[in-house]
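We name chains A, B, ... by the order of the sequence lines, and we start the count at 1 in each one. All heavy atoms count here, side chains included; hydrogens, waters and symmetry mates do not.
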Amino acid sequence: MLDIKIIRQNPEIVKKSLSNRGTEVDLEELLELDARRRSIIQEGDELKAKRNQFSEQMSKNKGGSPEQKQEIRQIGERIKVIDTEMKDLELAIDDIIKRIPNIPHETVAVGSSEEDNPVIRTIGGKPGFAFTPKEHWELGENLGILDFKRAAKITGARFCLNWGTGARLERALINFMLDVHTKEHGCTEVWTPFMANRDSFTATGQLPKFEEDLFRTDDYFLVPTAEVPVTNIYRDETLPEEKLPIKLVAYTPCFRREAGSYGKDTRGLIRQHQFDKVELVRFAHPDRSFVDLEELTSEAEDILRKLGLHYRVISLCTGDLGFSSAKTYDLEVWMPGQGVYKEISSCSCFTDFQARRGNIRYRSVQMKKSEFCHTLNGSGLAVGRTLAAILENYQNEDGTVRVPEALKPYMELDLIEPIR
RNA sequence: GGAGAGAUGGCCGAGUGGACGAAGGCGUUCGCCUGCUAAGCGAAUGUAGGGUCAAAAGCUUUACCGAGGGUUCGAAUCCCUCUCUCUCCGCCA
(Lines give C-alpha, C1' and ligand atoms only; values in the text may rest on other atoms or scores of the structure.)
Protein backbone atom coordinates (compact mmCIF):
# COMPACT_ATOMS: atom_id res chain seq x y z
CA MET A 1 0.00 0.00 0.00
CA LEU A 2 1.23 3.45 -0.84
CA ASP A 3 1.10 6.35 1.57
CA ILE A 4 -2.02 8.38 0.81
CA LYS A 5 0.04 11.52 1.51
CA ILE A 6 2.38 10.71 -1.36
CA ILE A 7 -0.55 10.21 -3.68
CA ARG A 8 -2.07 13.48 -2.47
CA GLN A 9 1.11 15.51 -2.79
CA ASN A 10 2.77 13.85 -5.80
CA PRO A 11 0.05 12.27 -7.89
CA GLU A 12 2.26 12.55 -10.99
CA ILE A 13 4.78 10.09 -9.48
CA VAL A 14 2.03 7.55 -8.97
CA LYS A 15 0.57 8.17 -12.42
CA LYS A 16 3.96 7.58 -14.01
CA SER A 17 4.42 4.40 -12.00
CA LEU A 18 1.03 3.13 -13.13
CA SER A 19 1.62 3.89 -16.79
CA ASN A 20 5.08 2.28 -16.67
CA ARG A 21 3.48 -0.84 -15.24
CA GLY A 22 0.66 -0.72 -17.74
CA THR A 23 -1.97 -0.59 -14.98
CA GLU A 24 -5.04 1.57 -14.71
CA VAL A 25 -6.31 2.96 -11.41
CA ASP A 26 -8.73 5.85 -11.05
CA LEU A 27 -6.54 8.27 -9.12
CA GLU A 28 -8.89 11.20 -9.68
CA GLU A 29 -11.67 9.38 -7.89
CA LEU A 30 -9.31 8.47 -5.08
CA LEU A 31 -8.26 12.09 -4.62
CA GLU A 32 -11.86 13.26 -4.66
CA LEU A 33 -12.83 10.71 -2.04
CA ASP A 34 -9.85 11.74 0.04
CA ALA A 35 -10.79 15.42 -0.14
CA ARG A 36 -14.34 14.61 0.81
CA ARG A 37 -13.10 12.50 3.69
CA ARG A 38 -10.99 15.28 5.09
CA SER A 39 -13.76 17.85 4.91
CA ILE A 40 -16.17 15.51 6.60
CA ILE A 41 -13.67 14.75 9.36
CA GLN A 42 -13.53 18.43 10.11
CA GLU A 43 -17.26 18.78 10.36
CA GLY A 44 -17.58 15.67 12.49
CA ASP A 45 -14.76 16.65 14.81
CA GLU A 46 -16.28 20.05 15.42
CA LEU A 47 -19.64 18.54 16.29
CA LYS A 48 -18.02 15.95 18.53
CA ALA A 49 -16.06 18.66 20.32
CA LYS A 50 -19.31 20.54 20.92
CA ARG A 51 -20.97 17.44 22.29
CA ASN A 52 -17.99 16.68 24.52
CA GLN A 53 -18.14 20.20 25.93
CA PHE A 54 -21.80 19.78 26.74
CA SER A 55 -21.23 16.42 28.37
CA GLU A 56 -18.54 17.91 30.53
CA GLN A 57 -20.86 20.70 31.59
CA MET A 58 -23.55 18.16 32.39
CA SER A 59 -21.25 16.21 34.62
CA LYS A 60 -20.34 19.32 36.57
CA ASN A 61 -23.78 20.93 36.91
CA LYS A 62 -25.76 17.72 36.97
CA GLY A 63 -28.21 19.13 34.44
CA GLY A 64 -28.90 21.12 31.32
CA SER A 65 -31.87 22.89 29.82
CA PRO A 66 -34.29 20.82 27.74
CA GLU A 67 -33.53 23.02 24.72
CA GLN A 68 -29.83 22.27 25.07
CA LYS A 69 -30.51 18.59 25.38
CA GLN A 70 -32.65 18.74 22.28
CA GLU A 71 -29.88 20.49 20.38
CA ILE A 72 -27.28 17.99 21.47
CA ARG A 73 -29.53 15.14 20.48
CA GLN A 74 -29.77 16.62 17.00
CA ILE A 75 -26.00 16.99 16.88
CA GLY A 76 -25.77 13.35 17.86
CA GLU A 77 -27.99 12.38 14.94
CA ARG A 78 -25.85 14.40 12.56
CA ILE A 79 -22.70 12.77 13.92
CA LYS A 80 -24.19 9.37 13.25
CA VAL A 81 -24.86 10.31 9.64
CA ILE A 82 -21.34 11.66 9.26
CA ASP A 83 -19.76 8.59 10.82
CA THR A 84 -21.67 6.35 8.45
CA GLU A 85 -20.53 8.35 5.45
CA MET A 86 -16.98 8.31 6.82
CA LYS A 87 -17.02 4.54 7.00
CA ASP A 88 -18.25 4.27 3.43
CA LEU A 89 -15.62 6.72 2.26
CA GLU A 90 -12.85 4.88 4.05
CA LEU A 91 -13.94 1.58 2.54
CA ALA A 92 -14.01 3.12 -0.92
CA ILE A 93 -10.60 4.74 -0.43
CA ASP A 94 -9.17 1.53 0.97
CA ASP A 95 -10.51 -0.46 -1.92
CA ILE A 96 -8.80 1.78 -4.47
CA ILE A 97 -5.55 2.29 -2.61
CA LYS A 98 -5.10 -1.43 -1.95
CA ARG A 99 -5.24 -1.99 -5.70
CA ILE A 100 -2.45 0.46 -6.47
CA PRO A 101 0.81 -1.42 -7.05
CA ASN A 102 4.13 -0.42 -5.52
CA ILE A 103 6.24 2.24 -7.23
CA PRO A 104 9.16 0.64 -9.11
CA HIS A 105 12.66 1.55 -7.95
CA GLU A 106 14.49 4.06 -10.15
CA THR A 107 16.91 1.36 -11.34
CA VAL A 108 14.11 -0.76 -12.79
CA ALA A 109 13.98 -0.75 -16.59
CA VAL A 110 10.82 0.60 -18.18
CA GLY A 111 9.23 -2.03 -20.35
CA SER A 112 5.96 -3.71 -21.15
CA SER A 113 6.63 -7.44 -20.94
CA GLU A 114 9.17 -10.12 -20.12
CA GLU A 115 10.79 -9.43 -23.49
CA ASP A 116 12.09 -6.20 -21.96
CA ASN A 117 13.71 -7.74 -18.87
CA PRO A 118 17.44 -6.96 -18.92
CA VAL A 119 19.83 -9.83 -18.22
CA ILE A 120 22.08 -8.73 -15.37
CA ARG A 121 24.57 -11.60 -15.45
CA THR A 122 24.90 -15.11 -16.76
CA ILE A 123 26.69 -17.75 -14.70
CA GLY A 124 27.86 -20.78 -16.59
CA GLY A 125 26.60 -21.36 -20.07
CA LYS A 126 24.61 -23.93 -21.94
CA PRO A 127 26.65 -27.07 -21.37
CA GLY A 128 26.79 -29.39 -24.33
CA PHE A 129 25.66 -33.01 -24.33
CA ALA A 130 27.09 -35.83 -26.40
CA PHE A 131 23.50 -37.03 -26.81
CA THR A 132 20.12 -35.36 -26.98
CA PRO A 133 19.18 -34.52 -23.41
CA LYS A 134 15.70 -35.49 -22.31
CA GLU A 135 13.10 -33.43 -20.52
CA HIS A 136 12.81 -34.07 -16.81
CA TRP A 137 9.30 -35.52 -16.89
CA GLU A 138 10.39 -38.16 -19.35
CA LEU A 139 13.49 -38.95 -17.28
CA GLY A 140 11.51 -39.00 -14.05
CA GLU A 141 8.80 -41.25 -15.39
CA ASN A 142 11.31 -43.61 -17.02
CA LEU A 143 13.21 -43.86 -13.74
CA GLY A 144 9.94 -44.47 -11.93
CA ILE A 145 10.60 -41.67 -9.46
CA LEU A 146 7.97 -39.23 -10.77
CA ASP A 147 4.40 -40.48 -11.15
CA PHE A 148 2.10 -37.87 -12.66
CA LYS A 149 -0.53 -40.40 -13.70
CA ARG A 150 -1.30 -41.67 -10.23
CA ALA A 151 -1.11 -38.17 -8.78
CA ALA A 152 -3.82 -37.19 -11.26
CA LYS A 153 -5.88 -40.13 -10.05
CA ILE A 154 -5.44 -39.20 -6.42
CA THR A 155 -6.08 -35.52 -6.91
CA GLY A 156 -6.04 -34.14 -10.45
CA ALA A 157 -3.87 -32.44 -13.03
CA ARG A 158 -0.78 -30.50 -11.92
CA PHE A 159 0.08 -32.76 -9.01
CA CYS A 160 2.96 -35.19 -8.67
CA LEU A 161 3.74 -38.32 -6.70
CA ASN A 162 7.42 -38.98 -5.95
CA TRP A 163 8.69 -42.51 -5.41
CA GLY A 164 11.80 -43.80 -3.64
CA THR A 165 14.88 -41.84 -4.63
CA GLY A 166 12.59 -39.19 -6.13
CA ALA A 167 10.96 -38.64 -2.75
CA ARG A 168 14.38 -38.76 -1.15
CA LEU A 169 15.70 -36.17 -3.60
CA GLU A 170 12.87 -33.79 -2.78
CA ARG A 171 13.62 -34.09 0.94
CA ALA A 172 17.38 -33.88 0.37
CA LEU A 173 16.97 -30.62 -1.51
CA ILE A 174 14.82 -29.11 1.24
CA ASN A 175 17.35 -30.06 3.91
CA PHE A 176 20.31 -28.96 1.84
CA MET A 177 18.79 -25.54 1.19
CA LEU A 178 17.78 -25.01 4.80
CA ASP A 179 21.24 -26.04 6.00
CA VAL A 180 23.03 -23.64 3.68
CA HIS A 181 20.83 -20.71 4.60
CA THR A 182 20.96 -21.32 8.34
CA LYS A 183 24.58 -22.40 8.68
CA GLU A 184 26.26 -20.24 6.03
CA HIS A 185 23.96 -17.24 5.62
CA GLY A 186 22.92 -16.72 9.22
CA CYS A 187 19.20 -17.14 8.68
CA THR A 188 16.87 -18.32 11.42
CA GLU A 189 14.69 -21.21 10.37
CA VAL A 190 10.97 -20.98 11.02
CA TRP A 191 8.19 -23.48 10.62
CA THR A 192 4.85 -21.85 9.95
CA PRO A 193 1.17 -22.59 9.50
CA PHE A 194 0.42 -23.58 5.91
CA MET A 195 -2.89 -21.75 5.97
CA ALA A 196 -3.40 -18.10 6.78
CA ASN A 197 -6.26 -15.70 7.27
CA ARG A 198 -7.48 -12.81 5.15
CA ASP A 199 -5.59 -10.15 7.12
CA SER A 200 -2.31 -11.89 6.48
CA PHE A 201 -2.97 -12.21 2.77
CA THR A 202 -3.95 -8.56 2.58
CA ALA A 203 -0.75 -7.48 4.29
CA THR A 204 1.51 -9.21 1.77
CA GLY A 205 -0.61 -8.05 -1.15
CA GLN A 206 -2.19 -11.28 -2.48
CA LEU A 207 -5.57 -9.92 -1.45
CA PRO A 208 -7.79 -8.28 -2.45
CA LYS A 209 -6.53 -8.43 -6.03
CA PHE A 210 -5.55 -12.06 -6.56
CA GLU A 211 -8.14 -14.10 -4.70
CA GLU A 212 -8.83 -16.30 -7.73
CA ASP A 213 -5.24 -17.58 -7.61
CA LEU A 214 -5.68 -19.05 -4.14
CA PHE A 215 -6.99 -22.31 -2.79
CA ARG A 216 -9.17 -21.90 0.26
CA THR A 217 -10.98 -23.72 3.00
CA ASP A 218 -14.13 -22.46 4.67
CA ASP A 219 -12.08 -20.28 7.00
CA TYR A 220 -8.57 -19.88 5.62
CA PHE A 221 -6.48 -19.66 2.50
CA LEU A 222 -3.70 -22.14 1.69
CA VAL A 223 -0.34 -20.41 1.42
CA PRO A 224 0.89 -19.92 -2.18
CA THR A 225 4.34 -19.06 -0.78
CA ALA A 226 5.98 -18.92 2.65
CA GLU A 227 6.21 -15.17 2.10
CA VAL A 228 2.69 -14.93 3.50
CA PRO A 229 3.08 -16.64 6.88
CA VAL A 230 6.68 -15.52 7.41
CA THR A 231 6.20 -11.84 6.59
CA ASN A 232 3.13 -11.83 8.81
CA ILE A 233 5.11 -13.08 11.80
CA TYR A 234 5.73 -9.46 12.71
CA ARG A 235 2.42 -7.98 11.57
CA ASP A 236 1.31 -5.23 13.97
CA GLU A 237 4.63 -5.28 15.75
CA THR A 238 7.44 -2.78 16.26
CA LEU A 239 10.94 -4.22 15.98
CA PRO A 240 14.02 -2.80 17.72
CA GLU A 241 16.18 -1.07 15.11
CA GLU A 242 19.35 -2.87 16.17
CA LYS A 243 17.79 -6.24 15.30
CA LEU A 244 17.54 -5.30 11.62
CA PRO A 245 18.02 -6.94 9.26
CA ILE A 246 16.10 -9.95 10.52
CA LYS A 247 16.87 -12.89 8.24
CA LEU A 248 14.46 -15.80 8.22
CA VAL A 249 14.18 -18.93 6.14
CA ALA A 250 11.23 -21.29 5.92
CA TYR A 251 10.29 -24.42 4.11
CA THR A 252 6.62 -24.73 3.19
CA PRO A 253 4.57 -26.48 0.60
CA CYS A 254 2.90 -23.93 -1.68
CA PHE A 255 -0.55 -24.12 -3.20
CA ARG A 256 -1.56 -22.19 -6.30
CA ARG A 257 -4.58 -22.40 -8.52
CA GLU A 258 -2.58 -21.19 -11.51
CA ALA A 259 -5.75 -19.65 -12.87
CA GLY A 260 -5.21 -18.28 -16.33
CA SER A 261 -2.22 -20.44 -17.11
CA TYR A 262 -4.08 -23.27 -18.81
CA GLY A 263 -1.96 -24.83 -21.49
CA LYS A 264 1.24 -23.37 -20.05
CA ASP A 265 3.87 -25.78 -18.74
CA THR A 266 1.31 -28.55 -18.71
CA ARG A 267 3.93 -31.25 -18.43
CA GLY A 268 6.38 -31.85 -15.64
CA LEU A 269 7.17 -30.17 -12.39
CA ILE A 270 7.32 -26.59 -13.59
CA ARG A 271 3.79 -25.47 -12.84
CA GLN A 272 2.11 -27.53 -10.13
CA HIS A 273 -0.86 -26.78 -7.88
CA GLN A 274 1.26 -27.99 -4.98
CA PHE A 275 5.01 -27.61 -4.78
CA ASP A 276 7.73 -27.26 -2.17
CA LYS A 277 9.73 -24.13 -1.66
CA VAL A 278 12.37 -22.82 0.70
CA GLU A 279 11.84 -19.11 1.12
CA LEU A 280 14.14 -16.36 2.34
CA VAL A 281 12.51 -13.40 4.08
CA ARG A 282 14.17 -10.26 5.41
CA PHE A 283 12.95 -7.38 7.50
CA ALA A 284 15.31 -4.57 6.63
CA HIS A 285 16.20 -1.00 7.49
CA PRO A 286 14.87 1.41 4.82
CA ASP A 287 18.34 2.94 4.37
CA ARG A 288 19.85 -0.25 3.06
CA SER A 289 17.05 -2.46 1.84
CA PHE A 290 18.33 -2.49 -1.74
CA VAL A 291 21.72 -3.66 -0.48
CA ASP A 292 19.78 -6.36 1.33
CA LEU A 293 18.16 -7.29 -1.97
CA GLU A 294 21.59 -7.87 -3.54
CA GLU A 295 22.63 -10.00 -0.56
CA LEU A 296 19.44 -12.01 -0.51
CA THR A 297 19.70 -12.64 -4.24
CA SER A 298 23.25 -13.90 -3.88
CA GLU A 299 22.15 -16.22 -1.06
CA ALA A 300 19.61 -17.75 -3.42
CA GLU A 301 22.25 -17.95 -6.17
CA ASP A 302 24.54 -19.74 -3.74
CA ILE A 303 22.25 -22.77 -3.84
CA LEU A 304 22.47 -22.91 -7.63
CA ARG A 305 26.25 -22.50 -7.53
CA LYS A 306 26.65 -25.24 -4.97
CA LEU A 307 24.48 -27.56 -7.03
CA GLY A 308 26.57 -26.77 -10.09
CA LEU A 309 23.61 -25.47 -12.05
CA HIS A 310 23.96 -22.85 -14.74
CA TYR A 311 21.73 -19.82 -14.60
CA ARG A 312 21.25 -16.18 -15.36
CA VAL A 313 19.93 -13.26 -13.35
CA ILE A 314 17.39 -10.94 -14.90
CA SER A 315 15.85 -7.78 -13.53
CA LEU A 316 12.12 -7.55 -14.09
CA CYS A 317 11.05 -4.47 -16.04
CA THR A 318 8.19 -2.24 -14.93
CA GLY A 319 5.66 -4.15 -17.01
CA ASP A 320 6.63 -7.54 -15.57
CA LEU A 321 7.15 -6.51 -11.96
CA GLY A 322 4.93 -8.06 -9.30
CA PHE A 323 2.20 -6.02 -7.68
CA SER A 324 3.88 -5.42 -4.31
CA SER A 325 7.47 -5.28 -5.51
CA ALA A 326 9.67 -2.23 -6.09
CA LYS A 327 12.44 -4.32 -7.65
CA THR A 328 12.75 -7.99 -8.51
CA TYR A 329 15.57 -10.21 -9.70
CA ASP A 330 14.57 -13.51 -11.22
CA LEU A 331 17.03 -16.38 -11.24
CA GLU A 332 16.56 -18.56 -14.30
CA VAL A 333 18.15 -21.97 -14.42
CA TRP A 334 19.25 -23.60 -17.63
CA MET A 335 17.13 -26.64 -18.52
CA PRO A 336 19.01 -28.57 -21.24
CA GLY A 337 16.16 -31.05 -21.82
CA GLN A 338 13.73 -28.29 -22.65
CA GLY A 339 16.43 -26.00 -24.01
CA VAL A 340 15.18 -22.98 -22.08
CA TYR A 341 15.94 -20.88 -19.04
CA LYS A 342 13.25 -21.39 -16.37
CA GLU A 343 12.53 -19.16 -13.42
CA ILE A 344 13.64 -20.90 -10.24
CA SER A 345 13.73 -17.98 -7.83
CA SER A 346 12.26 -14.52 -7.59
CA CYS A 347 13.91 -12.09 -5.20
CA SER A 348 12.12 -8.86 -4.39
CA CYS A 349 12.35 -5.75 -2.30
CA PHE A 350 8.92 -4.48 -1.35
CA THR A 351 10.14 -1.28 0.34
CA ASP A 352 7.49 -0.26 2.89
CA PHE A 353 4.59 -1.47 0.73
CA GLN A 354 3.87 -4.66 2.69
CA ALA A 355 4.98 -3.13 6.00
CA ARG A 356 2.40 -0.37 5.68
CA ARG A 357 -0.34 -2.87 4.90
CA GLY A 358 0.75 -5.12 7.73
CA ASN A 359 1.80 -2.34 10.10
CA ILE A 360 5.31 -3.69 10.59
CA ARG A 361 7.51 -1.04 12.18
CA TYR A 362 10.90 -0.51 13.73
CA ARG A 363 12.28 2.05 16.14
CA SER A 364 15.37 2.85 18.14
CA VAL A 365 15.43 4.50 21.54
CA GLN A 366 16.67 7.70 19.90
CA MET A 367 13.81 7.80 17.44
CA LYS A 368 10.79 9.87 18.42
CA LYS A 369 8.49 7.85 16.21
CA SER A 370 8.52 4.36 14.82
CA GLU A 371 8.84 3.94 11.06
CA PHE A 372 7.76 1.23 8.65
CA CYS A 373 10.53 -1.21 7.93
CA HIS A 374 11.19 -2.70 4.53
CA THR A 375 10.40 -6.30 3.65
CA LEU A 376 12.13 -8.57 1.15
CA ASN A 377 11.84 -12.14 0.07
CA GLY A 378 13.11 -14.60 -2.45
CA SER A 379 12.91 -18.27 -3.22
CA GLY A 380 15.92 -20.11 -2.06
CA LEU A 381 14.84 -22.14 -4.10
CA ALA A 382 11.69 -23.61 -5.62
CA VAL A 383 12.31 -27.28 -4.83
CA GLY A 384 10.35 -28.98 -7.62
CA ARG A 385 12.00 -26.88 -10.28
CA THR A 386 15.40 -27.52 -8.74
CA LEU A 387 14.70 -31.24 -8.85
CA ALA A 388 13.71 -30.90 -12.50
CA ALA A 389 16.89 -28.95 -13.25
CA ILE A 390 19.03 -31.62 -11.60
CA LEU A 391 17.40 -34.37 -13.64
CA GLU A 392 17.91 -32.50 -16.88
CA ASN A 393 21.45 -31.32 -16.15
CA TYR A 394 22.86 -34.45 -14.54
CA GLN A 395 21.32 -37.03 -16.85
CA ASN A 396 23.36 -39.73 -18.55
CA GLU A 397 22.65 -41.17 -21.95
CA ASP A 398 21.25 -44.34 -20.36
CA GLY A 399 18.63 -42.32 -18.47
CA THR A 400 20.30 -42.52 -15.07
CA VAL A 401 21.03 -39.31 -13.19
CA ARG A 402 24.21 -38.42 -11.29
CA VAL A 403 23.76 -36.94 -7.84
CA PRO A 404 25.39 -33.49 -7.50
CA GLU A 405 28.38 -33.48 -5.15
CA ALA A 406 26.65 -31.20 -2.61
CA LEU A 407 23.69 -33.55 -2.32
CA LYS A 408 25.58 -36.78 -1.83
CA PRO A 409 25.61 -36.54 1.98
CA TYR A 410 21.86 -36.06 1.87
CA MET A 411 21.17 -38.79 -0.69
CA GLU A 412 23.77 -41.28 0.48
CA LEU A 413 23.85 -42.20 -3.18
CA ASP A 414 25.90 -41.32 -6.28
CA LEU A 415 23.54 -42.31 -9.01
CA ILE A 416 19.79 -42.35 -9.42
CA GLU A 417 18.84 -45.55 -11.19
CA PRO A 418 15.52 -46.90 -12.40
CA ILE A 419 13.16 -48.27 -9.77
CA ARG A 420 12.16 -51.74 -10.81
C1' G B 1 -19.16 -30.67 20.31
C1' G B 2 -20.75 -29.14 25.79
C1' A B 3 -19.75 -25.96 30.36
C1' G B 4 -17.22 -21.95 32.49
C1' A B 5 -13.27 -17.80 32.96
C1' G B 6 -10.87 -13.93 30.65
C1' A B 7 -8.83 -9.91 26.87
C1' U B 8 -6.95 -2.62 29.76
C1' G B 9 -0.52 1.36 27.78
C1' G B 10 6.43 -1.66 26.33
C1' C B 11 5.15 -5.24 30.61
C1' C B 12 2.31 -6.37 35.31
C1' G B 13 -2.16 -4.66 37.14
C1' A B 14 -6.45 -1.28 39.21
C1' G B 15 -10.79 0.51 37.47
C1' U B 16 -19.08 -1.48 37.28
C1' G B 17 -22.08 5.58 33.83
C1' G B 18 -19.14 11.80 34.07
C1' A B 19 -13.02 14.68 37.13
C1' C B 20 -10.21 8.32 32.80
C1' G B 21 -5.64 8.60 27.77
C1' A B 22 -6.75 5.75 32.00
C1' A B 23 -4.40 4.68 39.55
C1' G B 24 -0.16 1.95 41.31
C1' G B 25 4.11 -0.77 40.08
C1' C B 26 7.98 -2.42 36.65
C1' G B 27 10.75 -0.92 32.57
C1' U B 28 12.88 3.03 29.51
C1' U B 29 14.92 8.18 28.80
C1' C B 30 16.88 12.79 30.83
C1' G B 31 18.73 15.34 35.14
C1' C B 32 20.53 15.36 40.38
C1' C B 33 23.15 12.91 44.13
C1' U B 34 26.44 9.18 46.17
C1' G B 35 34.64 9.23 45.74
C1' C B 36 33.35 2.96 42.13
C1' U B 37 28.95 -0.33 41.84
C1' A B 38 24.22 -0.94 43.82
C1' A B 39 20.74 2.05 45.95
C1' G B 40 18.35 7.04 46.36
C1' C B 41 15.89 11.71 44.53
C1' G B 42 13.31 14.70 40.60
C1' A B 43 11.08 14.85 35.82
C1' A B 44 9.47 12.78 31.31
C1' U B 45 7.39 8.50 28.86
C1' G B 46 1.25 5.62 23.74
C1' U B 47 -0.61 5.51 18.69
C1' A B 48 -3.30 7.27 14.59
C1' G B 49 -6.29 10.89 11.80
C1' G B 50 -7.74 16.17 10.95
C1' G B 51 -6.92 21.63 11.37
C1' U B 52 -3.32 25.69 11.79
C1' C B 53 1.96 26.47 9.55
C1' A B 54 6.01 27.30 3.40
C1' A B 55 7.85 23.32 6.58
C1' A B 56 9.32 21.55 11.36
C1' A B 57 8.28 22.66 16.26
C1' G B 58 4.25 24.26 18.75
C1' C B 59 -0.85 24.87 19.44
C1' U B 60 -5.72 22.75 18.75
C1' U B 61 -9.23 18.87 17.88
C1' U B 62 -11.05 13.79 17.16
C1' A B 63 -10.58 8.58 17.76
C1' C B 64 -8.48 4.42 20.26
C1' C B 65 -9.12 -0.06 27.08
C1' G B 66 -9.67 -7.57 21.79
C1' A B 67 -13.22 -6.34 17.06
C1' G B 68 -18.01 -4.60 15.42
C1' G B 69 -22.85 -2.74 16.63
C1' G B 70 -26.51 -0.72 20.42
C1' U B 71 -28.40 2.19 24.85
C1' U B 72 -27.17 7.34 26.79
C1' C B 73 -26.33 14.31 26.75
C1' G B 74 -22.00 11.12 28.10
C1' A B 75 -19.38 4.12 27.92
C1' A B 76 -13.02 0.90 29.60
C1' U B 77 -17.56 0.47 32.68
C1' C B 78 -24.43 -1.41 30.73
C1' C B 79 -26.67 -4.61 26.36
C1' C B 80 -25.96 -7.65 21.69
C1' U B 81 -22.77 -10.19 18.01
C1' C B 82 -18.01 -11.94 16.75
C1' U B 83 -12.69 -13.22 17.39
C1' C B 84 -8.87 -14.97 20.34
C1' U B 85 -6.75 -17.11 24.99
C1' C B 86 -7.27 -20.28 29.31
C1' U B 87 -9.73 -24.32 32.41
C1' C B 88 -12.93 -28.63 32.71
C1' C B 89 -15.84 -32.57 30.08
C1' G B 90 -16.62 -35.34 25.57
C1' C B 91 -14.63 -37.02 20.85
C1' C B 92 -10.39 -38.01 17.91
C1' A B 93 -4.95 -38.31 14.90
Practice prompt. Could you tell me whether the side chain of A:P404 reaches within less than 4.5 Å of the side chain of A:Y394, counting heavy atoms only?
Written response: yes

Fill in: Watson-Crick/G-U partner (both atom distances under 3.5 Å) of B:U77
none

Item to complete: Could you say whether A:D34 or A:K87 is positioned toward the 5' end of RNA chain B, judged by the nucleotide with the nearest heavy atom to each?
Response: A:D34

Fill in: P-based separation of B:G27 from B:G50 [nearest Å]
37 Å

Fill in: Value rounded to 0.5 Å, distance of CZ in A:R356 from SG in A:C373
11.5 Å

Fill in: Length of the CD-P vector between A:Q57 and B:A19, whole Å
15 Å

Just the table, please: protein N/O against nucleotides 61-65 of chain B N/O, every pair under 3.5 Å.
unit_1, atom_1, unit_2, atom_2, d
B:U62, OP1, A:N52, ND2, 3.1
B:U62, O2', A:D45, OD1, 3.2

Worksheet item: Can you tell me how far P of B:A48 sits from NZ of A:K5, to the nearest Å?
Response: 9 Å

Fill in: P spacing across the pair B:A23 / B:U45, given as an integer number of angstrom
12 Å

Discussion item. Side-chain N or O of A:R363 versus OP1/OP2 of B:U45: is the shortest distance under 4.0 Å?
Written reply: no

Fill in: For B:U45, the Watson-Crick or wobble counterpart (both distances under 3.5 Å)
B:G27

Using atom names, set out every protein N or O paired with an N or O of nucleotides 79-85 of chain B below 3.5 Å, distance rounded to 0.1 Å.
none

Worksheet item: In the structure shown, which nucleotide is the Watson-Crick or G-U wobble counterpart of B:A93, with both distances under 3.5 Å?
Response: none

Worksheet entry | Interatomic distance at C1', B:U85 relative to B:U72, whole Å | 32 Å

Worksheet item: Expressed in angstrom and rounded to an integer, what is the separation of A:M58 atom CE from B:G18 atom C1'?
Response: 10 Å

Worksheet item: Taking atom C1' of B:U47 as reference, at what distance in whole Å does atom CD of A:E237 sit?
Response: 16 Å

Discussion item. Could you tell me how far B:U52 sits from B:A57 if I compare only their P atoms? Round to whole Å.
Written reply: 16 Å

Worksheet item: When you check the phosphate oxygens OP1 and OP2 of B:G49, does a side-chain N or O of A:R38 lie under 4.0 Å from one of them?
Response: no

Item to complete: For the residue pair A:K277 and A:T225, confirm or rule out a side-chain donor-acceptor distance under 3.5 Å.
Response: yes

Fill in: Whole-angstrom distance between B:U29 and B:C88, as gauged at atom C1'
46 Å

Practice prompt. Please determine, for B:U52, whether a Watson-Crick or G-U wobble partner exists with both distances under 3.5 Å, and give it or none.
Written response: B:G58

Discussion item. I need the CG-P distance between A:D236 and B:G46, as an integer number of Å.
Written reply: 20 Å

Worksheet item: With both distances kept under 3.5 Å, what pairs with B:U71, Watson-Crick or G-U wobble?
Response: none

Discussion item. Tell me whether the NZ or CZ atom of A:R216 lies within the 45° cone about the ring axis of A:F221 and under 6.0 Å from its centre.
Written reply: yes

Worksheet item: Just how far, in rounded Å, is P of B:C73 from NZ of A:K80?
Response: 10 Å

Item to complete: Starting from P on B:A48, measure out to CE on A:M86 and report it in whole angstrom.
Response: 17 Å

Fill in: Pairs involving residues 403-414 of chain A, ordered by first then second residue, that meet side-chain hydrogen bond (donor to acceptor under 3.5 Å, both in side chains) (sequence neighbours left out)
A:R168-A:E412, A:D179-A:Y410, A:E405-A:K408

Worksheet item: What interatomic distance, in whole Å, is found between C1' of B:G17 and the corresponding atom of B:C12?
Response: 27 Å

Worksheet item: Hey, are A:D320 and A:S113 close enough side-chain-wise for a donor-acceptor pair under 3.5 Å?
Response: no

Worksheet item: Could you state the CD1-C1' distance from A:I79 to B:C73, rounded to the nearest angstrom?
Response: 11 Å

Worksheet item: Distance from A:L381 atom CG to A:E299 atom CD, nearest 0.5 Å?
Response: 12.0 Å

Worksheet item: Between A:L269 and A:F148, is any pair of side-chain heavy atoms under 4.5 Å apart?
Response: yes

Item to complete: Take A:I72 and A:R361, find for each the nucleotide of RNA chain B with the closest heavy atom, and name the residue whose nucleotide sits nearer the 5' end.
Response: A:R361

Worksheet, complete the sentence: B:A22 -> Watson-Crick or G-U wobble partner, both distances under 3.5 Å, gives none

Worksheet entry | Gap between atom CD1 of A:I314 and atom CG of A:N117 - 0.5 Å precision | 4.5 Å

Discussion item. Quick check for you: among B:C73, B:G51, B:G49, whose closest atom lies nearest to any side-chain atom of A:S55?
Written reply: B:C73

Item to complete: Using side-chain contact (heavy atoms from CB on, under 4.5 Å) as the criterion, point out the one residue from A:V249, A:T297, A:L376 that pairs with A:L280.
Response: A:V249

Discussion item. In the structure I gave you, are the side-chain heavy atoms of A:R288 and A:E295 within less than 4.5 Å of one another anywhere?
Written reply: yes

Discussion item. Can you check the distance between B:G21 and B:U62, where both ends of the measurement are the P atom (answer in whole Å)?
Written reply: 11 Å

Discussion item. Work out how far the P atom of B:G6 is from that of B:C91, and round it to whole angstrom.
Written reply: 28 Å

Practice prompt. Could you let me know what B:C33 is paired to, Watson-Crick or G-U wobble, both distances under 3.5 Å, or none if it's on its own?
Written response: none

Discussion item. By the 4.0 Å heavy-atom rule, please label A:R198 as base, sugar-phosphate, or nothing.
Written reply: nothing

Item to complete: Could you tell me whether the side chain of A:Q395 reaches within less than 4.5 Å of the side chain of A:K134, counting heavy atoms only?
Response: yes

Item to complete: With a 3.5 angstrom cut-off on both distances, give the Watson-Crick or G-U wobble partner of B:G6, or none if there isn't one.
Response: B:C84

